[in-house]
2 protein chains.
Amino acid sequence: MSAEIARAAKGPPRKRTNDPEGLRNKVLDVAEASFQARGYHASALGELMATAGVTGGALHHHFPTKKALALAVIEERVAAALDETWISPVRAAGSAREGVRAVFEAVAAELERQGFVRGCPLNNLAHELSLADPDFRLALAGIFAGWRQAIADKIRADQQAGREQGTDPERFAALAIAAYSGAMSMAKTAQDASVLRDCLAELEGSPTPPFGAKRRRRILLRPGKP
Amino acid sequence: MSAEIARAAKGPPRKRTNDPEGLRNKVLDVAEASFQARGYHASALGELMATAGVTGGALHHHFPTKKALALAVIEERVAAALDETWISPVRAAGSAREGVRAVFEAVAAELERQGFVRGCPLNNLAHELSLADPDFRLALAGIFAGWRQAIADKIRADQQAGREQGTDPERFAALAIAAYSGAMSMAKTAQDASVLRDCLAELEGSPTPPFGAKRRRRILLRPGKP
DNA sequence: TATAAAACAGACCGGTTGTCCTGTTTTGTC
DNA sequence: GACAAAACAGGACAACCGGTCTGTTTTATA
């Protein structure tokens, strides 16, 4: 038994410091990671409490039900993650196509660096929860809609600058998101991020690589066991 | 209480007819539907047994564990469903692009007819189970690989006939699958199949529809409650 | 028809899960 | 400092889940 635990167990009743926001964030952190790694149904609140170092009373005070916790993860964390990885970079890019390309490459590079593909948080939860509960579905659909609109808006901005005249903004956004989502699904299942680059290359219509050129095969599968 | 139940409950010990294959198929039917509608973890074996009209002993005889049942669903049913909806039509089509287009349209039409989007069986399970268990992941990855190879092979056949000279078979297949998977994910979350047509149109580079043309919005959401 | 194996019936159990409930402590407010 | 509300502690519990177990019936084989 570690000294810390022993002290906590045998020491005199220590002072407690209330930090509702901090505790809430800690729970959200652990829940986000657990939902991403194991999914909603496979995540047990007991283990979540133990990992976060939170008691049942505290958890129930901030999130009355498991559903409420998941809804908070979706609306706060998943949406924010998508903003950071997709929406902001696309907005900041020189054009919509450049933005999409940059995101694809950045994600592929990050996955190869990590050596493990956990999949897209939004798609992971969307698949598991869309049919399970209307509230889940609506929350997830809203995030998808915002994603699509951000890309479509970027195309429209390009068009106002005289570019992308032959492009339909909504269609382009739909395909970009679908290609990314589907590629992540394949990458997660195969534990190989190279399919992201394949999809990007085909999406951009880049020339076929010379015959006989070895296709780099990134062997991943180095499960991060914390 | 229905007459049937009363008879079954009070009548003399009736004859039993062993039908291992039929019973196995019935269980597989119900499991496939339940996994598709609710996912693996949310599917309880108890309800599955009740729906299929099968006792615990019989279920355990054919499928020792829940995992074994899921593996059978994946290897037999999910693979077969993909063969029927994707691989066979693509092989039978005049070209790879025609095949992909036909599948997209057929699925979109079917979804609109059904009035409900349950999502792609393969992707549904892939998202939930890929990280949960290596056996699941390998089985699912194999199906993805076969899917991709079938499309790539069709491109190669086109190339031997003098077409698609500038197309990379593997990349084309990857994007076709990713676009479909991702579009199904969005369609399932939004309960709107129109995104499938959007992705197909963009994938084929079809001309932008005239400005002001109403985008047909298929309102779905007619959950099949059996 | 004898017999062994396969097919099936149905109860049982240990473990887990999400939620609830009753207290206690901290914190903001007058 | 009084006091009410918020924040937190921690146990209890009922429902449920998946797996196991024993026993019975059917079926294939000889």
Side-chain angles (χ1 to χ4, degrees), chain A residues 4-5 7-28 30-31 34-35 38-73 128-129 132-133 135-136, chain B residues 5 7-31 34-35 38-73 128-129 132-133 135-136:
Chain A
E4 185 187 353
I5 293 179
R7 200 178 343 122
K10 296 218 68 165
R14 297 236 300 293
K15 268 272 194 74
R16 199 184 76 199
T17 318
N18 282 1
D19 180 19
E21 197 170 337
L23 191 145
R24 201 188 116 99
N25 277 328
K26 202 194 302 178
V27 171
L28 247 27
V30 177
S34 183
F35 289 165
R38 285 168 250 183
Y40 173 79
H41 286 103
S43 293
L45 292 184
E47 195 179 325
L48 200 147
M49 283 160 45
T51 308
V54 172
T55 64
L59 176 64
H60 180 262
H61 178 73
H62 291 278
F63 307 100
T65 63
K66 191 182 183 184
K67 172 180 169 176
L69 172 60
L71 233 29
V73 168
E128 188 179 2
L129 301 180
D133 187 290
D135 296 326
F136 284 146
Chain B
I5 294 180
R7 203 180 338 127
K10 295 219 66 166
R14 299 235 301 289
K15 267 272 192 76
R16 198 185 77 198
T17 318
N18 283 3
D19 181 18
E21 196 170 337
L23 191 144
R24 201 186 115 98
N25 277 329
K26 202 195 301 179
V27 170
L28 246 28
D29 285 342
V30 175
S34 183
F35 290 165
R38 284 169 249 184
Y40 174 79
H41 286 103
S43 292
L45 292 184
E47 196 178 325
L48 201 147
M49 281 160 47
T51 306
V54 172
T55 64
L59 176 64
H60 179 264
H61 178 72
H62 291 278
F63 308 100
T65 64
K66 191 182 182 183
K67 173 178 169 177
L69 172 60
L71 233 31
V73 167
E128 189 179 1
L129 301 179
D133 187 291
D135 296 326
F136 283 146

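Labels below follow one simple rule: chain letters A, B, ... track the order of the sequence lines, proteins then strands, and each chain is numbered from 1.
- The separation between B:Tyr40 atom OH and D:dC17 atom P is 13 Å, rounded to whole Å.
- Residue order along DNA chain D, read from the 5' end via each residue's closest nucleotide, puts B:Pro64 first among B:Pro64 and B:Thr17.
- In this entry the distance linking NZ of A:Lys66 with P of C:dT17 reads 9 Å, nearest Å.
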I would like to know whether A:Leu45 and A:Leu69 meet side chain to side chain contact (heavy atoms under 4.5 Å, CB included); could you show each step before the answer? CA-CA 10 Å; A:Leu45 292 184; A:Leu69 172 60; 4.1 Å; yes

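- Side-chain atoms of A:Arg16 lie closest to D:dA9 of the nucleotides D:dT24, D:dA9, C:dT27.
- At least one donor-acceptor pair closer than 3.5 Å links the side chain of B:Glu128 to the backbone N or O of B:His41.
- Within the 4.0 angstrom heavy-atom criterion, base atoms lie near B:His60.
- For B:Thr65, whose side chain is taken as the heavy atoms from C-beta onward, the closest listed nucleotide among C:dT19, C:dC8, D:dG19 is D:dG19.
- The interatomic distance linking B:Phe63 (CZ) with C:dC8 (P) rounds to 11 Å, in whole Å.
- Note: CG (A:Asn18) to P (D:dA7) measures 8 Å, nearest angstrom.
- Distance NE2 (A:His62) to C1' (D:dA6): 9 Å, rounded to an integer number of Å.
- A donor-acceptor pair is defined here as one N or O able to donate and one able to accept, closer than 3.5 Å; such a pair exists between the side chain of B:Lys66 and the backbone of B:Tyr40.
- For B:Ala44, the listed nucleotide lying nearest its side chain is D:dC17; candidates were D:dA7, D:dC17, C:dC8.
- The CD-P distance, from A:Glu47 to C:dG15, rounds to 18 Å in whole Å.
- Nearer to the 5' terminus of DNA chain D, by closest-nucleotide assignment, is the contact made by A:Gly57 (compared with the other of B:His41 and A:Gly57).
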Show your working on side chain to side chain contact (heavy atoms under 4.5 Å, CB included) between A:Asp133 and A:Lys67 and close with a plain yes or no. CA-CA 9 Å; A:Asp133 187 290; A:Lys67 172 180 169 176; 3.0 Å; yes

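- Among the candidates A:Leu48, A:Val73, A:Thr51, the single residue satisfying the side chain to side chain contact (heavy atoms under 4.5 Å, CB included) test with A:Val27 is A:Leu48.
- With rounding to whole Å, B:Leu23 atom CG is found 18 Å from D:dT25 atom P.
- Remark: P of D:dC16 and CG of A:Leu45 are 17 Å apart, rounded to the nearest angstrom.
- A:His61 has no side-chain polar atom (N or O) that falls below the 4.0 Å cut-off from OP1 or OP2 of D:dC8.
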